[in-house]
2 protein chains.
Amino acid sequence: MKTSRHTEVIDVAEMLLEAEGLEAVTMRRLGQELGMRAPSLYKHVTGKDDIMTALQIRALQGQAAALAGTSTLSEVATGYRRWALAHPRLYELIARHPLDRARLPPGVEAAAAAPLLGAAGGDIDLARALWGLGHGLVDLELAGRFPPGANIDAAWATAIDAFTACTAVPRSG
Amino acid sequence: MKTSRHTEVIDVAEMLLEAEGLEAVTMRRLGQELGMRAPSLYKHVTGKDDIMTALQIRALQGQAAALAGTSTLSEVATGYRRWALAHPRLYELIARHPLDRARLPPGVEAAAAAPLLGAAGGDIDLARALWGLGHGLVDLELAGRFPPGANIDAAWATAIDAFTACTAVPRSG
DNA sequence: ACCTGAACACCGTTCAAGT
DNA sequence: ACCTGAACACCGTTCAAGT
């Protein structure tokens, strides 16, 4: 039951992020929440970058778990949007915050991307187009870029239709 | 030839943004570049938000100008990507920074969106799907989310093909 | 091994004061 | 009308010092 102090720091950071947003995740605040001063955190964590990378890893794993089991293009798209809207701060963290690939465990990125590639029938270009589409629609929605009252569901439906038509050509396997 | 001090502040902010990135645009640095202390800026500008909004307006106008004259879906998509890659900091400013619609001159957003709507044949849902697609691909590219060596051109081509097939149905007008 | 206070080099912003 | 210095409430991070 002894959770390492490092894990505790990341746990608190995740709670703070989801509850109050990225600007609440400061070293001083984290220390306060853990009963220590900010400089003490550096005994458990190399710096703030370390914390952000750890949260990005959790986010990628959460996204991969949410998409596990989906197969059709429509299922993947719906699951992608659903997870992003359920965890907007974590989504923004993997989408907008610099990603330090060197510190990422191998396979984490691929695991999150696998369902997309599957729905694209193994076509990497189509998978990336699909990723761009899903990310773009989610990002614009989270950023409040669509005018109030915009029918975002309809935009998704139209987009999925267009891409489904594209994958409807017979392919072997 | 007497440019107002307000305009000068925005001009310097734009140069700093494009040359050194968003983190270089600080009130102290802006003052230094203009030969005054940071507090003096508040005589010409209500605050940093004011500066950011002014830059967003310029960015939206620049984007609209870059897309003016495009009509086909392929032209709009190419122009959208070209402008974003030519002005990545300005693009990020309108895509990722909060947009205070109340301070935006009316029509600025619509002008930037018009070419998209035109290429979608007036279908607002398709226009938004197209916007999501273009924004998503550009955003992922600017954020360095595609692996090194990824064929981003091919992803765009695949995406444009899928949407072109969707708009290929005969329509009146 | 773990935590502290003091410090450094930064932020955006306010405000009384000068000219 | 315009600019100033000092201050306030913040940042991430370093480091000598304590236990």
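Everything quoted here is computed from the prediction, not taken from an experiment. Each chain gets a letter, A, B and so on, in the order the sequences are listed, and its residues count up from 1.
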Asks: Is any side-chain heavy atom of A/Asp11 closer than 4.5 Å to a side-chain heavy atom of A/Arg58?
Replies: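 A/Asp11 reaches A/Arg58 side chain to side chain.
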Asks: Would you call B/Asp50 and B/Arg103 a salt bridge, taking side-chain N to carboxylate O under 4.0 Å as the test?
Replies: yes
Asks: Considering all heavy atoms of both residues, which atom of A/Glu75 and which atom of A/Gly69 are nearest to each other, and what is their separation?
Replies: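 Smallest interatomic distance, heavy atoms only, reads OE1-O, 4.4 Å.
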Asks: How close do A/Arg145 and B/Gln56 get, heavy atom to heavy atom, and via which atoms?
Replies: NH2-NE2, 4.4 Å
Asks: Any side-chain N or O of A/Arg29 under 4.0 Å from OP1/OP2 of D/dC11?
Replies: no
Asks: Spell out, yes or no, whether A/Tyr91 and A/Phe146 are grouped together once hydrophobic residues are joined by side-chain heavy atoms under 4.5 Å, including indirect joins.
Replies: yes
Asks: Have a look at B/Arg5 and say if it touches a base, only the backbone sugar-phosphate, or nothing, with a 4.0 Å heavy-atom cut-off.
Replies: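 Touches sugar-phosphate only.
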Asks: D/dA9 P sits how many Å from A/Arg28 CZ, rounded?
Replies: 14 Å
Asks: If I take atom NE2 in residue B/His6 and atom P in nucleotide D/dC2, what distance separates them, rounded to the nearest angstrom?
Replies: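 The answer, rounded to whole Å, is 13 Å.
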Asks: Check B/Val76 against B/Leu67 and note the closest heavy-atom contact, atom names and distance.
Replies: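 Answer, listing the atom of B/Val76 first, then B/Leu67: O-CD2, 3.8 Å.
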Asks: How close or far is atom P of D/dT13 from atom CG of A/Leu30, stated in whole angstroms?
Replies: 11 Å
Asks: Below 4.5 Å, heavy atoms only, C-beta onward: do A/Leu117 and A/Leu130 meet side chain to side chain?
Replies: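 A side-chain contact under 4.5 Å is absent here.
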Asks: With heavy-atom distances below 4.5 Å as the criterion, would you say the side chains of A/Ile152 and B/Arg128 are in contact?
Replies: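 Side chain of A/Ile152 against side chain of B/Arg128, heavy atoms only: no contact under 4.5 Å found.
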Asks: So if I take residues 32-44 of chain B and measure heavy-atom distances to DNA chain D, which residues fall below 4.0 Å?
Replies: B/Met36, B/Arg37, B/Pro39, B/Ser40, B/Lys43, B/His44
Asks: In whole angstrom, give me the gap between the P atoms of C/dA9 and D/dA9.
Replies: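 Each nucleotide's P atom is 22 Å from the other's.
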Asks: Can you list, in residue-number order, the parts of residues 18-27 of chain A that come under 4.0 Å of DNA chain C, counting heavy atoms only?
Replies: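 Listed by number, there are none.
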Asks: State which residue, out of B/Arg28, B/Met36, B/His6, fulfils the side-chain contact (heavy atoms from CB on, under 4.5 Å) condition with B/Leu41.
Replies: B/Met36
Asks: What would the secondary structure line of DNA chain C be in dot-bracket form, counting Watson-Crick and G-U wobble pairs under 3.5 Å, with [ ] for pairs that cross earlier ones and | for pairs with another strand?
Replies: ||.|||||...|||||.||
Asks: How many Å lie between CG on A/Asp50 and C1' on D/dT13, as a whole number?
Replies: 14 Å
Asks: Rounded to whole Å, please give me the gap between CG in B/Leu16 and C1' in C/dC11.
Replies: 16 Å
Asks: Can B/Leu133 be reached from A/Ile124 by stepping across I, L, V, M, F, W or Y side chains whose heavy atoms are under 4.5 Å apart?
Replies: no
Asks: Decide, yes or no, whether a salt bridge links B/Arg5 with B/Glu8 under the criterion of side-chain N to carboxylate O below 4.0 Å.
Replies: yes
